[in-house]
Enquirer: 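Have a look at the structure that comes next, please.
Here, residue 1 is the first one in the sequence, and each next residue gets the next number. Excluded from the calculations below are hydrogen atoms, water molecules and symmetry mates; all remaining heavy atoms, backbone and side chain alike, are included.
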Amino acid sequence: MASGSRASVPTDSFLTISPDKRGEKAASAVPGDTAAATTLKGTAIPVRSVVASARQVKGKAGLPAAQAEDPGEAAAAAEEEEEPLLPAPEDEVEAQPLPPVCVSRMRGMWRDEKVSLYCDEVLQDCKAEDADEVMGKYLSEKLKLKDKWLGVWKTNPNVFFVKYEEASIPFVGILVEVTCEPYEDSSSCFKVTVSVAEPFSSNIANIPRDLVDEILEELEHSVPLLEVYPVEGQDTDIHDIALALEVVRFFYDFLWRDWDDEESCKDYTALIEERINLWCDIQDGTIPGPIAQRFKKTLEKYKNKRVELIEYQSNIKEDPSAAEAVECWKKYYETVMLCGLLKMWEDLRLRVHGPFFPRILRRRKGKREFGKTITHIVAKVMTTEMIKDLSSDTLLQQHDDLDLALDNCYSGDTVIIFPGEYQAANLALLTDDIIIKGTVDGIVVVESGHMTLENCMLKCEGTGVCVLTGAALTITDSEITGAQGAGVELYPGSIAILERNEIHHCNNLRTSDSSKSTLGGVNMKVLPAPKLKMTNNHIYSNKGYGVSILQPTEQFFIVAEDALNKRAASGDKKDDKMLFKVMQNLNLEMNNNKIEANVKGDIRIVTS
């Protein structure tokens, strides 16, 4: 923990990679329809003001008001910015869209796999004060696999822009060629040499190529390695490098604390395991969403306050004045208080029983005092046509906000959602049994994060439960029926845990498409393979298969299939061996499930 006296700041801060030393913000994709008034910056070329966007036209030239030397120049610059945009030079080429980066293999790991990776493989029995060195050696070894590769450099927009709207431009991404050279000191490998790759590509279509070249020259073409994300389409070694980078990023973003190497810790890996459990509890919903957000904000606030403290101390050139000393101590005690809160979070007992888990979140409202139930209509505008099928004595409430409707629900209420786009953080806080009806295609679609359904009755009239790539779902003690396709459909790279559920009478879709007619209880799409754990489920009376595994033709287990064809004495024997091989690679865990009376069969590999 930094003290009240002036903190020392490393001259080569890139030699270490803890979050406050990396100086980078979390990056996320830029929506295609967002735009922000942004000013590009540079020195060798004139400063240009543009409207930066994902795929839009170029902007105008002009001096930004922020750089004017006097109020008159600032006013003139402001007037200039209000003028219509000038056409861009015809010879300035628009940047191509960025290629996809490697899918994070960390997302698909179970809790115990993460613990094994960090505690047994990477850190082993190291002490907290040695963690930086150990992580450096781990990353250095992985970088030896390939000395040149393509990646997307994602950096803070303030590297390129004088002013911008942070929500619209969370990062600037440039396609670069990365050169990794051997290093004598493992810590120095955290900066790599990059050059702009062809074709020139960025998440901002109108960013000038010469500005990118100029910024890289200023940086001597050396950027933090952890800001670079390998792109798909390269060899398998690149996937190993991408995983190593994710391992190191996650360690410094969530597992490392600045006080770790300043306090005695007999078993550092045990502390890391507890922090992994904390992160997994947040992801799987054991810690309710709003409480998890409070923790994340506290962690982020601590990091920012600590950076503020170090920067403030480093800017004091002489002995501090009385005012500077007071401000320094103020910032110090702010970091101490936030540090204490974070330490409380890491105590498992406090996490469940302490001040961070309000008991109100676990309390059921039950029935209303007057015993009636209400039907909540969620729509921007309500018409009589919407409620024509409801009985005349139905009590109605109309909301244009889904969260508000859920917050007003009591046990037995019904929520009918009409077409529109809604946010629903309160879904994570539901404690009462209610009925939710929609007009959407899927009864539940998990796009990201981890959703948990317990004791739910899902009567599907469209598609069933869909878990998209990178998302996770846990369903326990529930019933899924009536889906036109599969009851549960897992997209590549997703995760699902199914325990004590009934999935029946699915695949009511009338179609001549033979691939869709095979869908039934649970359908898995591979490449990359999803993860499925099924325990004590009853899957029955589905028109397709009980469990179907959809593999692409000519891409999956071709070599294994050829070998099995030569050895197989019969078609059934070949299918049995292929099924065993596929299940091994799918990380499919099935225990005590009852799969019966499905029209096509119980479990089958299906070729698309």
Side-chain angles (χ1 to χ4, degrees), residues 31 282 284-294 297 357-468 471-483 488:
I282 290 174
D284 65 19
T286 300
I287 297 176
I291 309 303
Q293 287 301 317
R294 285 174 59 186
K297 288 180 180 178
F357 198 99
R359 296 185 183 279
I360 191 172
L361 291 177
R362 295 181 288 176
R363 187 182 303 147
R364 291 170 58 92
K365 289 183 180 179
K367 297 285 186 180
R368 284 185 178 80
E369 291 183 2
F370 57 87
K372 296 287 186 178
T373 61
I374 289 179
T375 296
H376 302 268
I377 305 295
V378 181
K380 300 301 180 184
V381 178
M382 189 173 74
T383 66
T384 55
E385 181 70 17
M386 294 177 176
I387 58 174
K388 66 178 183 178
D389 294 330
L390 300 178
S391 62
S392 58
D393 61 346
T394 302
L395 298 178
L396 298 176
Q397 282 188 8
Q398 187 259 329
H399 313 269
D400 60 4
D401 183 284
L402 178 54
D403 265 336
L404 187 59
L406 295 171
D407 193 48
N408 281 275
C409 280
Y410 284 75
S411 181
D413 281 3
T414 298
V415 177
I416 302 178
I417 306 172
F418 284 87
E421 205 168 290
Y422 308 100
Q423 299 294 324
N426 284 351
L427 276 173
L429 307 181
L430 282 177
T431 55
D432 292 274
D433 52 319
I434 65 173
I435 298 170
I436 301 178
K437 297 181 179 180
T439 59
V440 294
D441 290 336
I443 193 166
V444 173
V445 179
V446 187
E447 295 184 350
S448 62
H450 191 139
M451 183 174 189
T452 300
L453 298 175
E454 297 179 357
N455 298 305
C456 293
M457 175 65 181
L458 303 177
K459 293 183 178 179
C460 314
E461 294 183 358
T463 55
V465 179
C466 296
V467 189
L468 304 187
L473 172 70
T474 298
I475 308 179
T476 58
D477 301 304
S478 299
E479 184 176 353
I480 303 174
T481 186
V488 178

Enquirer: Walk me through it: do Ile443 and Ile480 pass the test side-chain contact (heavy atoms from CB on, under 4.5 Å)?
Expert: CA-CA 10 Å; Ile443 193 166; Ile480 303 174; over 6 Å; no
Enquirer: Side-chain contact test, heavy atoms from C-beta onward, threshold under 4.5 Å: evaluate it for Leu406 versus His376 and give yes or no.
Expert: no
Enquirer: Using 0.5 Å steps for rounding, measure from the CD atom of Gln397 to the CG atom of Leu404.
Expert: 8.5 Å
Enquirer: For the pair Met386 and Ile416, evaluate side-chain contact (heavy atoms from CB on, under 4.5 Å) and give the outcome as yes or no after the intermediate values.
Expert: CA-CA 10 Å; Met386 294 177 176; Ile416 302 178; over 6 Å; no
Enquirer: Near Phe418 CZ, under 6.0 Å, is it more than 12 heavy atoms from other residues, nucleotides or ligands?
Expert: yes
Enquirer: Output the distance between atom CD1 (Ile417) and atom NZ (Lys437), rounded to the nearest 0.5 Å.
Expert: 12.0 Å
Enquirer: Within this structure, what is the CD1-CG distance for the pair Ile436 and Leu402, rounded to the nearest 0.5 Å?
Expert: 7.0 Å
Enquirer: Could you report the tightest heavy-atom contact between Thr463 and Cys460, atom names first, then the distance?
Expert: O-CB, 4.0 Å
Enquirer: Give, for atom CG of Leu395 and atom CG of Leu390, the distance between the pair rounded to the nearest 0.5 Å.
Expert: 11.0 Å
Enquirer: So does Thr375 get a backbone contact from the side chain of Thr414, meaning a donor-acceptor N/O pair under 3.5 Å?
Expert: no
Enquirer: With the side chain counted from C-beta on, respond yes when Val467 and Met451 share a heavy-atom pair under 4.5 Å apart, and no when they do not.
Expert: no
Enquirer: Check the pair Asp477 / Glu454 against side-chain contact (heavy atoms from CB on, under 4.5 Å), numbers first and verdict last.
Expert: CA-CA 6 Å; Asp477 301 304; Glu454 297 179 357; over 6 Å; no
Enquirer: Please find the pair of heavy atoms, one from Ser478 and one from Cys456, that lie closest to each other, and give the distance.
Expert: OG-N, 2.9 Å
Enquirer: Give, for atom OG1 of Thr394 and atom CD1 of Ile387, the distance between the pair rounded to the nearest 0.5 Å.
Expert: 8.5 Å
Enquirer: Is a side-chain N or O of Asp413 found less than 3.5 angstrom from the main chain of Ile434, in a donor-acceptor match?
Expert: no
Enquirer: Does Leu468 form a side-chain contact (heavy atoms from CB on, under 4.5 Å) with Val445? I'd like the steps, not just the answer.
Expert: CA-CA 7 Å; Leu468 304 187; Val445 179; 4.0 Å; yes
Enquirer: Provide the closest heavy-atom pair for Ser411 versus Asp433 in the form atom of the first, atom of the second, distance.
Expert: OG-OD1, 2.6 Å
Enquirer: Are Ile377 and Leu396 packed together at the side-chain level, in the sense that at least one heavy-atom pair is separated by less than 4.5 angstrom?
Expert: yes
Enquirer: With a sphere of 6.0 Å drawn around NZ of Lys380, does it hold more than 12 non-hydrogen atoms of other residues, nucleotides or ligands?
Expert: yes
